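What follows is a set of notes on a single structure, which appears directly below.
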Amino acid sequence: MILKSFVVFLPALIAGFGFVHLFWKNDHLAALALKVFLGIGLGLGITSCFYFLRLLLFPGQGGYLLIEVIFLTLVIVALFSQKRIFFNFSLIPAALTRIQVLSGLALIFIGAVALYFLVIYARVAPHGDYDAQAIWNLRARFIYRLGNAWENAFSALINRNFHMDYPLLIPLSVVGGWNTLGGEVLRVPTMLSMLFLFGMAGIMYSVIAYLRTSSQAAIATLILLATPGLLIFSTFQTADIPLTYFFLASVSLFILASHENNRNLLFLAGVMAGLAAWTKNEGIPFVVLMIICTILVFDIRQTRASLVSLLTGLTLPLLIIILFKADISVNNDLFSNNGFFEIISKLVTPSRYIQILTYLISELIHLGNWPISIIAVLLVYGRIMGVRAPRSLTEGVLWFIPLSQFVIYMLIYVITPHDLEWHLNYSMSRLLIHLFPLALLSFFLFVNTPETVLRSTA
Amino acid sequence: MRNLRGMAIISLILFSIFVAATNGLAAHAKWNEDSQTIDPISKWEKRVKPVLDHIPSTVTELGYLADWDIPDSGYDLIDQDNEYTLTQYSLAPRIVQPGLDHEWIIGNFTNTKFRDWLDQNLSSYKLTEIGFGIYVIHRTLP
C-alpha cells in the first residue's frame, strides 16, 4: 500500500517538477535536483487548490487523479511549446575530496536511518499523533465520508476544539488519495509526511549545493535529518512539516531569485508562500513577510516588477484561501473571545513576557530534542569555521524572515485567549521546528564551507 | 587553525551520525515493543464503532457523556479529552458533542456511579452496554 500511496501522487509530483522547470531555465545538476524537490510541494499544493475548486463547483468527490493528469498534460504541452522538454546537463563526475566523500556517505546513512524511523512509526502509529486525529485526518475523514455533503465537514455544530478554520492542503490531498485508491488507506497521510520531510531535506541539500558546495550542503542536510524532534513531528501526520517545507521552499526560491536576478523564481517563491498559507494559518503572516522582504531587498527600480511577480505567484493559493474562508463561517480560536481591550491588556502585562521567555529558553536549549543543545554546537562550529560576509542584500536580510516569523509566534503567545502555560506546552516546540530548517539554511549559507577552510593555509 | 577546523567538521558529522544512530535504535526498540500489539487508536475505534449498530443511520449528531460529567469522580482530564477526540475521530462524519442534549448519547464510563447520575439527570432512557465501559444511551422522553 505504501507504493500505491506514492503512485497516486506521482503525476502531481512530475507536474510540479515540470512547472518549476518551465519557469527556471537552468540545467545545472544541483538546479535540476532542486526542481525535483520543489516539485513535490508545488505539485501537491496546486493539485489540492484545483481539487478544492472542483469540490465547490461539481457534485461528488472523484477526479483527483484527473486533475493531476490534466495538470501534468498542461505542463508537458507548455514544456514542448517552450522547447524545454530536454535537459542539457553533463554527468561527468568531478574529482571528489575526502570531506565530500565522508559527508556524502554520512548523509546517505542518516537519510536511510530517517527513512527507517518513518517506516517503523508508520506501522506502530498509523493514525499519527493527537493533532492528526483531532484536526488533519479528522477533517479528511469528515470530507471523504460525507461524499456530496462534504461542506458539512465545517458545520458549526462540530466542537471548536477541532479547529474547523484550518486550511485544507493536507486534508484534501489525503481525501484525493483515498478517492483514487477507493478507500481510507492509512498509508496515504504517511506517504505525504514522508514526501514533505524528504522534499524539505532535498531542498536544503540542493540549494546549498547550488549556492555553496556539496559538502556544506551535506552537513546542513545531515543535521536536519538527524534532528530527533523533526523526525518525530514527521510521524505525527500533521501540517507542521509540510508548512516547514513551504517556508524553506519559498525562502530558497527568494534567495535564488535575487542571486540570479530572475523574476520567474520570485513568482515561484510567491506560489510556495501562498501554499504555506493554504497549509496552515501560520503561513498567512509568512506571506506578509515575503512581501515586505521583496520590497526591502530588490532595487527601487525593480521593486514594482518584483512585487508583481511575487503577488502573481500568490494569486491562486490566496484566491483558494479566500474562497475557503468565505465558504465556512468559523472564526479562528485565537481571535474569537479575545476582544481588543483584552489583547491590549495582555500586551502590557510583563508577567506574560517573563513566562514566555522562561519557557522559550528551555525550549531553545532542547531544540529538536538533540542530546546537547544544537544551537550551542552550531555556535561553536560557526566560531571555529568563521563566517563569510554577505554578498548581497538578500543574504544580509536572510535572517529577517525566520526572526520576524519567530517574533510573530511569540506575540501570538502574548495575546492568546488560551491558558498561557497550556498553550506554550502544547505548541512551542512545534513552532520552533517550523523555523529550524530556515535557521539552518541561513547558518550554512553564512558559515565558511569545508572546501574553503581546508584549502586555506591560515 | 586548519586542523582545528578539520576536527570541527569531522566532530559535527560524527555527532550527527551518533544522534541518527540513536534515533534508529529508538525506532527499532519501538518496533520490538509495539509491533505485536494493535495501536491504541485502532483499538479505540474497534471499541467504539459498534455503537453505530444500535443507533439509526439517519442520526447525524450524538451526545457524549464521560467520567468528566459526573461530579466528584476522579479522572485524568487529558485521558478524558483524548478519548472524546478519538470517539469523534472514529465516528466521523457523525458529530459528537459533549453533553446530554441529544436523543442518542454515547457514554464512556469507568466510574460506577454513572447510573445514579443518569437517573438524576434523564427522566427516561434506555441503556445498552457495548463493552469496555462504552454505552449507548437512548433518551426515550425529552
Side-chain angles (χ1 to χ4, degrees), chain A residues 99 102-103 106 109-110 112-114 116-121 123-128 130 132-134 137-139 141-146 149 152-153 155 157-159 161-162 215 218-219 222-223 225-228 231 370-372 377-378 380-381 384-386 448 450 453-454 456-458, chain B residues 1-45 60-62 64 77-78 81-82 84-99 102:
Chain A
I99 196 70
L102 177 69
S103 58
F109 170 75
I110 290 173
V113 172
Y116 176 73
F117 190 95
L118 262 61
V119 168
I120 292 294
Y121 270 83
R123 300 183 79 157
V124 297
H127 294 273
Y130 175 85
Q133 296 134 30
N137 288 343
L138 176 67
R139 189 80 68 261
R141 279 187 170 195
F142 261 109
I143 295 171
Y144 178 74
R145 292 177 181 180
L146 282 164
N152 291 345
S155 162
L157 297 170
I158 298 172
N159 194 311
N161 290 349
F162 302 130
S215 58
I219 292 171
L222 60 86
I223 290 173
L225 284 179
T227 301
L231 292 184
W370 283 78
I372 304 171
V377 168
L378 289 177
V380 172
Y381 181 79
I384 295 170
M385 297 292 283
N448 282 325
V453 296
L454 296 178
S456 72
T457 51
Chain B
M1 194 61 179
R2 192 168 178 266
N3 286 345
L4 180 65
R5 286 172 164 172
M7 277 169 58
I9 296 164
I10 302 291
S11 305
L12 188 60
I13 292 173
L14 289 177
F15 179 50
S16 301
I17 290 174
F18 167 75
V19 175
T22 313
N23 294 339
L25 290 173
H28 191 69
K30 184 98 182 148
W31 174 247
N32 286 339
E33 260 172 51
D34 298 349
S35 64
Q36 301 306 315
T37 56
I38 305 172
D39 72 282
I41 316 303
S42 303
K43 205 183 276 182
W44 187 262
E45 283 202 296
T60 56
E61 291 164 38
L62 306 166
Y64 180 83
L77 184 59
I78 292 172
D81 186 54
N82 279 343
Y84 165 60
T85 300
L86 289 181
T87 304
Q88 174 62 87
Y89 179 68
S90 306
L91 300 182
R94 286 177 176 79
I95 296 170
V96 182
Q97 293 177 318
H102 294 81

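So that the names make sense, note that chain A is the first sequence line, chain B the second, and so on, each numbered from 1. These figures come from a predicted structure and were not determined experimentally.
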Worksheet, complete the sentence: Honestly, the part of A/I219 sitting under 4.5 Å from a heavy atom of chain B is side chain
Item to complete: Please name the pair of heavy atoms, one in B/S90 and one in A/R141, separated by the smallest distance, quoted to 0.1 Å.
Response: CA-NH1, 3.8 Å
Item to complete: Could you list the residues that satisfy salt bridge (charged side-chain N to carboxylate O under 4.0 Å, His left out) with B/K43, not counting sequence neighbours?
Response: none
Response to the item:
To the nearest 0.5 Å, atom CD1 of A/I372 lies from atom CZ of B/F18 at 8.5 Å
Worksheet entry | B/I78 atom CD1, neighbour heavy-atom count above 12 within 6.0 Å | no
Worksheet item: Relative to chain A, which segment of B/S42 carries a heavy atom at a distance below 4.5 Å: side chain, backbone, both, or neither?
Response: both
Worksheet entry | Region of B/E33 in contact with chain A, defined by heavy-atom distances below 4.5 Å | neither
Item to complete: Heavy-atom pairs under 4.5 Å with chain A are the metric here; pick the option from B/A26, B/A21, B/A20 that has the most.
Response: B/A20
Fill in: Side-chain heavy atoms of B/P93 within contact of A/N152, under 4.5 Å
no
Worksheet item: Side chain, backbone, both or neither: which part of A/F109 has an atom under 4.5 Å from a heavy atom of chain B?
Response: side chain
Discussion item. Any non-hydrogen side-chain atom of A/I120 less than 4.5 Å from a side-chain atom of B/H28?
Written reply: no
Response to the item:
Applying salt bridge (charged side-chain N to carboxylate O under 4.0 Å, His left out) to A/R145 and not counting sequence neighbours gives A/E184
Practice prompt. Any chance you could measure B/T22, atom OG1, to A/W370, atom CH2, to the nearest 0.5 Å?
Written response: 9.5 Å
Item to complete: Decide yes or no for A/I223 and B/F15: does some side-chain heavy atom of the first lie under 4.5 Å from some side-chain heavy atom of the second?
Response: no
Worksheet item: Looking at A/V380, A/I384, A/V119, which makes the most heavy-atom pairs under 4.5 Å with chain B?
Response: A/I384
Worksheet item: Relative to chain A, which of B/L4, B/V19, B/N23, B/T60 shows the most heavy atom pairs under 4.5 Å?
Response: B/N23
Item to complete: Look at A/L222, A/L157, A/L102 and state which one has the largest set of heavy-atom pairs under 4.5 Å with chain B.
Response: A/L157
Worksheet item: Side chains of A/V453 and B/I9: closer than 4.5 Å at any heavy-atom pair?
Response: yes
Worksheet item: Of the backbone (N, CA, C, O) and the side chain (C-beta and beyond), which part of B/Q97 lies under 4.5 Å from a heavy atom of chain A, both, or neither?
Response: side chain
Worksheet item: Checking A/V124 against chain B: side chain, backbone, both or neither under 4.5 Å from a heavy atom?
Response: both
Discussion item. On a heavy-atom basis, which atom in A/A226 and which in B/S16 lie closest, and how many Å separate them?
Written reply: CB-O, 3.7 Å
Practice prompt. For chain B, find which of A/L378, A/L138, A/L118, A/V113 contributes the most heavy-atom pairs closer than 4.5 angstrom.
Written response: A/L138
Worksheet item: Is chain A contacted by the side chain of B/L14, its backbone, both, or neither, given a heavy-atom distance below 4.5 Å?
Response: neither
Fill in: Interatomic spacing from OG1 in B/T87 to CD in A/Q133 - rounded to 0.5 Å
11.5 Å
Discussion item. Using heavy-atom distances under 4.5 Å, tell me whether B/P98 contacts chain A through its side chain, its backbone, both, or neither.
Written reply: side chain
Worksheet, complete the sentence: Max heavy-atom pairs within cutoff under 4.5 Å with chain B, candidates A/N448, A/I158, A/T227, goes to A/I158
Worksheet item: What part of A/I99 is in contact with chain B, defined as an atom under 4.5 angstrom from a non-hydrogen atom: side chain, backbone, both or neither?
Response: side chain
Discussion item. Are A/F162 and B/Y84, when compared by the centres of their aromatic rings, separated by less than 6.0 Å?
Written reply: yes
Practice prompt. Report yes if the side chains of B/K30 and A/F117 come closer than 4.5 Å at any heavy-atom pair, otherwise no.
Written response: no
Response to the item:
Heaviest contributor of heavy-atom pairs below 4.5 Å to chain B, chosen from A/N137, A/I143, A/L225, is A/N137
Discussion item. For the CG atom on B/N3, are there more than 12 heavy atoms of other groups (residues, nucleotides or ligands in this structure) within a distance under 6.0 Å?
Written reply: no
